[in-house]
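Below you'll find the structure, written out as structure tokens, and then a few comments.
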Amino acid sequence: MFEVRDRRAKDAIERLKVIEEKWQKWWEEEHIYEADPDPSKPKFFVTFPYPYVNAFPHLGSAFTILRVDITARYKRMRGYNVLFPQGWHATGGPIMAAALRLREGDPKIIWTLLSMGVGDDELEKFKDPKYWVFYFTKGWKRDLKRYGMSIDWRREFYTTYLNPYYSKFVQWQYLRLKEKGLVDKGEHPVVWCPKEKKVVGDHDRPDEYAGISPTEAVIIKFRTEDGTVFPALTYRPETVFGVTNVWVNPEAEYLTAIVDGEKWIINEYASRELADQKHEVKVVGRVRGVDLLGIMVQNPVDGRWVPVLPASFVDPDMGTGVVMSVPAHAPFDYRGLLDLQERPDLLERYGLDPSIVRGLKPIPLIRLEGYSEIPARDAVEKRGVKSQEERWALEAATKEIYTKEYHTGILLEITGRWAGMKVSEAKEEITDWLVSRGDAVRVYTLPERVYCRCGARTHVKIVSDQWFLLYSKPEWKRLAHRAVDRMKFYPETLRAEFHKLIDWYKDWAFTHRNELGTPLPWDESWVIESLSDSTIYMAYYTIAKYLQHPEKYGIRPEQLVPEVFDYIFKGVGDVEKVSERTGIPASLLKQMREEFLYWYPVDLRISGKDLIQNHLVFFIFHHTALFEEKHWPRGIGVNGWVLLRGEKMSKQKGNFILLRQALDLWGADATRWAEIMGGGDPGLDDANFEPDVAEKAALELEEWIRFASENYNADAREEYTTVDMWFESVMNRLIAETTDHMEETKYKSALVTGYYHLQAAYRWYIRRAGRPNKDLLRKFIETQTLLIAPFAPHTAEEVWHRIGKKGSIVFAEWPEADTSKIRPEIEAAEEILKAVIEDAREIMKFVEKPRRLKVIVAAGWKYNVLTAVLRHRQEGKPLKDSIREALRELEGQVPKREIGNLVKLLVKYPEVLSRLTPRDVEMRHLKEAADFIARELGLEEAIVIAEEESTDQKKKIALPGKPALVLE
RNA sequence: GCGGGGGUGCCCGAGCCUGGCCAAAGGGGUCGGGCUUAGGACCCGAUGGCGUAGGCCUGCGUGGGUUCAAAUCCCACCCCCCGCACCA
């Protein structure tokens, strides 16, 4: 699918790969990225959310972790002691489900594994979920190393009971949360497989059923004279006021069942679903739908008697199989009723007298702007629907009417005390009222059929003794808000978003079954679900170095009683006693405590935007519950996905690249480069990876190695000229700008500024100066290499050594902008020069064979005026006022008859204010560049003269920063 | 629906917070020139329309508004993307 076609790029990449491997090996041997507490240095702790290890990293995950690595590298160069650890996430269902599916021989799983390079002979091993964890953990680590990640691998770990050390840590967390009253037991609706008796997550279903979750619905009871209940399931209980009849499917079979002591007519599906939702259901008989027709039932809200009628659109397998009919507001009902009225044979077929529907008319109960009294009729007629069999059109009509009525519909008089209210406001109240009268029951159901992977039809079950994290608690929310107030966000707009999310969060069901994870400490039949075991594990990194290495520190999992973590993370308890109780040496406990205190809190957590609404909120919540305020997170950075050639990556479409494939194709540095160039600034926009950019990057990087090593000690010019002054100014300014971008994690901007702009400046410098100044050339080579070091660390390290620097560039000092070298007036003068050349080019289009250019620099008094104007502008005055003020100040010092002309020019070219520079500087600069101008334009000569000395008529249009030009 | 992000020149993409230097950075593509045995490599120029002196006109989703001045600020509308809880 992807290949490097360009021959030169291909060769360059191969050479770069050799260099990359060399330095990776060296870094590892030197333990460069292993960070231990060092009180003499400030620390910086940066993390990437541990990935779920059911596949290898692709360009998307690689992008986010690259932003973490760049942060780590930059901070090291700024003198920080940086901790960048990495762990692996195995908690949850997908791996388990995939392993089970493989045992069943699912071709999709086989294909997925084979496409990631798993050998045929190895497939067998993946039937064990553990193998997935080990296999992909290893794979990730290998890929990240090749990618040049500056990770301290001593702190690596994975989750679940497979790692008892980590499980102990998670259990400590939940024991303490429970003590604080932040977890509780409750009920929770889930999608349930009655055959396998388990919750059916997305990974347990065929793809077409993914994403469908339980929705709230209401069953309204329509009773016959003898009390038999026709339970109509509806999403719109408020429309009960407009019921004209009840529908059943005449071809279906119904059950009679005793539900909570009443006799109900329901379908098989509802009998199962209700039984799983705390209702007592006892099936006592069966009845054909056709035999229910014509029965009269009573509308509970107004006592009207309405008939049970046949409708083919009633799905006998959904809901209860009984539907209430509101023809004024439900297109299906409207059309269904019309069918019966227009075609008496439909009724006669079931032995019903057509007179039964003669008097039935839609009963409006909602007023909807832009529609008649009967919106359902409008929607049906608009689409020309002729029969209830036209499902698709009726679905569309239903969607239209439901949505509009819900949001803008107003209830009519017929609804009694709700008249005048909006549907969206009255709905819940009406439901409560119906329920309180015993005329309705709240239930959960699925809006569509959902099948389990095992083939069974699922329904909604209410799970009891489900455990919840009580995010709804106001005290907890308050703490979380406070944390958000104190944090730094990249981009800053995230702050408001997090405040909203914290308010929005309700309680979270945090225990699952049949998944990998850590057992709930007080009820091991549950496992703590994946988001909930990943909230504060950054603290675990600080001590994973000790816990995960029993060969070195001798700690066993069973020694990790809760008191150990209390002591390490909170300083609670007596260390000697904890030591005595656990057998862990007190000195080691103290060391871990010290290490935690040194590294914590997390300074910056960088993640993809997908984790904003879940993990990152949990991350904040749990820290505030468990840690002292000084240990709450300090920063969050977020970035978008990675598109590949402008499209979402998708295995199906074939535009999908694993990190390892990218590394094979372009090597580490070029891949990193292209990822950042695709959109490395923080934010919610997606980045776009272009393979061509990676190829180009490889060429540029190799070129830089060549250029730097050939020129660092090369012979160059000794004297220091104005042009050198210009380049030195630009270089320092670009350093400052790049540094600002780095601080904001705007890595694309930093790379554009620190590399592309600097390179462009150097090119112009050479064009201007011919040969570079010797000192500046060296400075340029050093600066450029340092500025790209976080992005292309291997290339930078190579250059660093080739030019004879000692030590690793990893710890080299980030360039400091020398602000004394930044000379705005020189840069402005250079801008003027460029403008002169550009303008002259424009004029040359119209002049035949010019030989000479006269550059007429504006008269001195004009500079005085503009200087004053600029001063007023900078005070915030509008342009016009600034000019007026300036002229008033300088009254008598300017030639009156020329004022009008100057004002006109200034209004036309306000940009000259931005490059206003002292007249002598402009004059000198242009004079020195006269030969250059002539050369650039292909003229014999260019001369620079003052307006005062010129006799040309043109001289009048000269402005400071925009000399008059005369070509002859 | 709720919440969030976005619509810029042939394409990608910066700018928008802090209005004028924005016909709008930088790439890519295309065209022309240079270098060269050749080049997909490198360098220079052009790339909305018109224009025989540096100009004029049109223009940053659509329609209004504020302002001496708007891609940038305000209002309304249209369109696209993402999340909404057992998917990590």
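By convention in this document, chain letters (A, B, ...) are assigned in the order of the sequence lines, proteins followed by strands, and residues within each chain are numbered from 1. Note that the structure is a prediction, hence the values are computed from the model and not measured.
Annotation: side chain of A:Lys854 is in contact with side chain of A:Glu968 (closest heavy-atom distance under 4.5 Å). Side-chain contact check for A:Met677 versus A:Tyr756: some heavy-atom pair is nearer than 4.5 Å.
Here, B:rG7 and B:rA14 have their C1' atoms 15 Å apart, quoted to the whole Å. Rounded to the nearest Å, the gap between the P atom of B:rC44 and that of B:rC50 is 28 Å. Spacing between B:rG19 and B:rC74 at atom C1', rounded to whole Å, works out to 13 Å. Taking atom P on both B:rC56 and B:rC21, the two are 14 Å apart, rounded to the nearest angstrom. Atom name C1', nucleotides B:rA71 and B:rA23: the rounded distance is 12 Å, in whole Å. B:rA25 and B:rU72 are spaced 16 Å apart, taking the C1' atom of each and rounding to whole Å. Taking atom C1' in both B:rC43 and B:rC35, the straight-line distance is 8 Å, to the nearest Å.
When distances run from any side-chain atom of A:Trp508 to the nucleotides B:rC21, B:rA85, B:rA88, the shortest one goes to B:rA85. For A:Lys880, whose side chain is taken as the heavy atoms from C-beta onward, the closest listed nucleotide among B:rA53, B:rA25, B:rC68 is B:rC68. With B:rC21, B:rG55, B:rA88 as the choices, the nucleotide that has an atom nearest any side-chain atom of A:Leu531 turns out to be B:rA88. Closest to the side chain of A:Leu879, out of B:rA53, B:rG4, B:rG20, is B:rG20.
Nucleic acid contact class of A:Gly683 (heavy atoms, under 4.0 Å, all strands): none. The residue A:His89 sits close only to the backbone: its heavy atoms come under 4.0 Å of sugar-phosphate atoms, none of a base.
Rounding to the nearest 0.5 Å gives a distance of 7.0 Å between CG of A:Leu616 and CD1 of A:Ile620.
When A:Thr91, A:Thr518, A:Thr160 are each tested for a side chain to side chain contact (heavy atoms under 4.5 Å, CB included) with A:Val170, only one passes: A:Thr518. Applying ring-ring contact (aromatic ring centres under 6.0 Å, His included) to A:Trp508 and the options A:Trp467, A:Phe618, A:Tyr471 leaves one that passes, A:Phe618. For the pairing with A:Val869, the side chain to side chain contact (heavy atoms under 4.5 Å, CB included) check across A:His872, A:Arg871, A:Arg873 returns one residue only, A:Arg873.
Counted by atom type alone, A:Asp533 and A:His89 present one or more donor-acceptor pairs between their side chains at under 3.5 Å. Side-chain contact check for A:Ser607 and A:His615: no donor-acceptor pair (N or O, by modelled atom type) lies under 3.5 Å. With no hydrogens or angles considered, no side-chain donor-acceptor pair links A:Glu830 and A:Tyr765 at under 3.5 Å.
Rounded to whole Å, atom C1' of B:rC84 lies 15 Å from atom CD1 of A:Ile212.
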Take nucleotides 31-51 of chain B nucleotide by nucleotide from the 5' end and write B, S or -, depending on whether a protein heavy atom sits under 4.0 Å from the base, only from the sugar-phosphate, or from neither.
---------SS-SSS-----B
Using nucleotides 13-17 of chain B, report all nitrogen or oxygen pairs with the protein that are shorter than 3.5 Å.
residue : atom : partner  : partner atom : Å
B:rG13  : O2'  : A:Lys748 : NZ           : 3.4

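Applying the 4.0 Å criterion to OP1 and OP2 of B:rG55, one finds that A:Tyr909 has a side-chain N or O inside that range.
Ring geometry, A:Trp132 versus A:Phe136: the interplanar angle falls from 30° to 60°, so the pair is classed tilted.
In RNA chain B, runs of at least 3 stacked Watson-Crick or G-U pairs (N1-N3 plus N6-O4 or O6-N4, or N1-O2 plus O6-N3, all under 3.5 Å) give these stems: B:1-7 with B:78-84, B:10-12 with B:26-28, B:29-34 with B:42-47, B:48-50 with B:55-57, B:61-65 with B:73-77.
Counting atom types as modelled, A:Asn614 pairs a side-chain N or O with a base atom of B:rA88 as donor and acceptor under 3.5 Å.
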